[in-house]
Chemist: 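Structure incoming, see below.
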Amino acid sequence: MARPNKILEPLKTYNLTMKIEQYERLARVSREESEIHNQQVSVADLMREAIDIYLDALEEEDGK
């Protein structure tokens, strides 16, 4: 069965190289969040959320 689409907007795929330790930490958080919310929370979901938080902070800073 295909994975359902979580993002209902135009998409851009990006290949990322990161430290193994960073990925393992994110994987641990994703497992914990998946258990807490009783739905899959992927490492990619966490990354997208972190990017949104970062971009929002930049916009807020630019507005000052």
Side-chain angles (χ1 to χ4, degrees):
M1 182 157 102
R3 183 177 299 181
N5 188 0
K6 291 183 178 183
I7 307 169
L8 304 176
E9 297 180 35
L11 303 174
K12 171 71 177 169
T13 301
Y14 185 81
N15 187 14
L16 172 69
T17 302
M18 62 190 307
K19 296 176 189 176
I20 293 172
E21 178 188 356
Q22 291 173 318
Y23 182 84
E24 289 173 348
R25 290 173 65 189
L26 288 170
R28 185 172 46 252
V29 172
S30 75
R31 283 190 300 273
E32 292 169 358
E33 291 292 315
S34 293
E35 289 178 13
I36 290 168
H37 300 292
N38 200 30
Q39 69 180 35
Q40 181 195 18
V41 177
S42 67
V43 169
D45 292 331
L46 297 175
M47 291 175 160
R48 284 189 291 268
E49 183 177 353
I51 290 167
D52 283 340
I53 291 168
Y54 178 76
L55 292 174
D56 288 346
L58 284 177
E59 287 177 4
E60 185 176 307
E61 186 176 290
D62 287 344
K64 290 183 179 179

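Worth saying up front: this structure is predicted, and the values here are computed from it rather than measured. No hydrogens, no waters, no symmetry mates; every other heavy atom, side chains included, goes into these values. One is the number of the first residue; the rest follow in order along the sequence.
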Chemist: For I53, does its backbone N or O pair with a side-chain atom of D56 as donor and acceptor, under 3.5 Å?
Modeler: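 Checking the backbone N and O of I53 against the side chain of D56, no donor-acceptor pair under 3.5 Å is found.
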
Chemist: Are M18 and M47 packed together at the side-chain level, in the sense that at least one heavy-atom pair is separated by less than 4.5 angstrom?
Modeler: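 Contact flag for M18/M47 side chains = yes.
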
Chemist: So with a 6.0 Å cut-off around NZ of K19, is the heavy-atom count from everything else above 12?
Modeler: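 For K19, atom NZ is not crowded (no more than 12 foreign heavy atoms under 6.0 Å).
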
Chemist: Taking the side chain as every heavy atom from C-beta outward, state whether R31 and R28 have any pair of such atoms under 4.5 Å apart.
Modeler: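 Sidechains of R28 and R31: in contact.
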
Chemist: Find out if a path of hydrophobic residues (ILVMFWY) with successive side-chain heavy-atom gaps under 4.5 Å connects I51 to L46.
Modeler: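 No; L46 is not reachable from I51 via cluster members.
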
Chemist: Count the heavy atoms belonging to other residues, nucleotides or ligands that lie under 6.0 Å from CD of Q40, then report whether that count exceeds 12.
Modeler: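 Enclosed.
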
Chemist: Hey, are the side chains of V29 and R25 touching, using non-hydrogen atoms and a 4.5 Å cut-off?
Modeler: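 No. Closest side-chain heavy atoms not under 4.5 Å.
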
Chemist: Within a reach of under 6.0 Å around CD of Q22, are more than 12 heavy atoms found that belong to other residues, nucleotides or ligands?
Modeler: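 Yes.
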
Chemist: Are E33 and D45 close enough, and set up right, to give a side-chain contact (heavy atoms from CB on, under 4.5 Å), and what steps lead you there?
Modeler: CA-CA 11 Å; E33 291 292 315; D45 292 331; over 6 Å; no

Chemist: Looking only at heavy atoms, what is the nearest atom pair of S42 and S30, with distance?
Modeler: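 Looking at all heavy atoms of both residues, the closest pair is C-CB, 3.9 Å.
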
Chemist: For the CD1 atom on I20, are there more than 12 heavy atoms of other groups (residues, nucleotides or ligands in this structure) within a distance under 6.0 Å?
Modeler: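 Atom CD1 in I20 is not packed in, count stays at 12 or less.
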
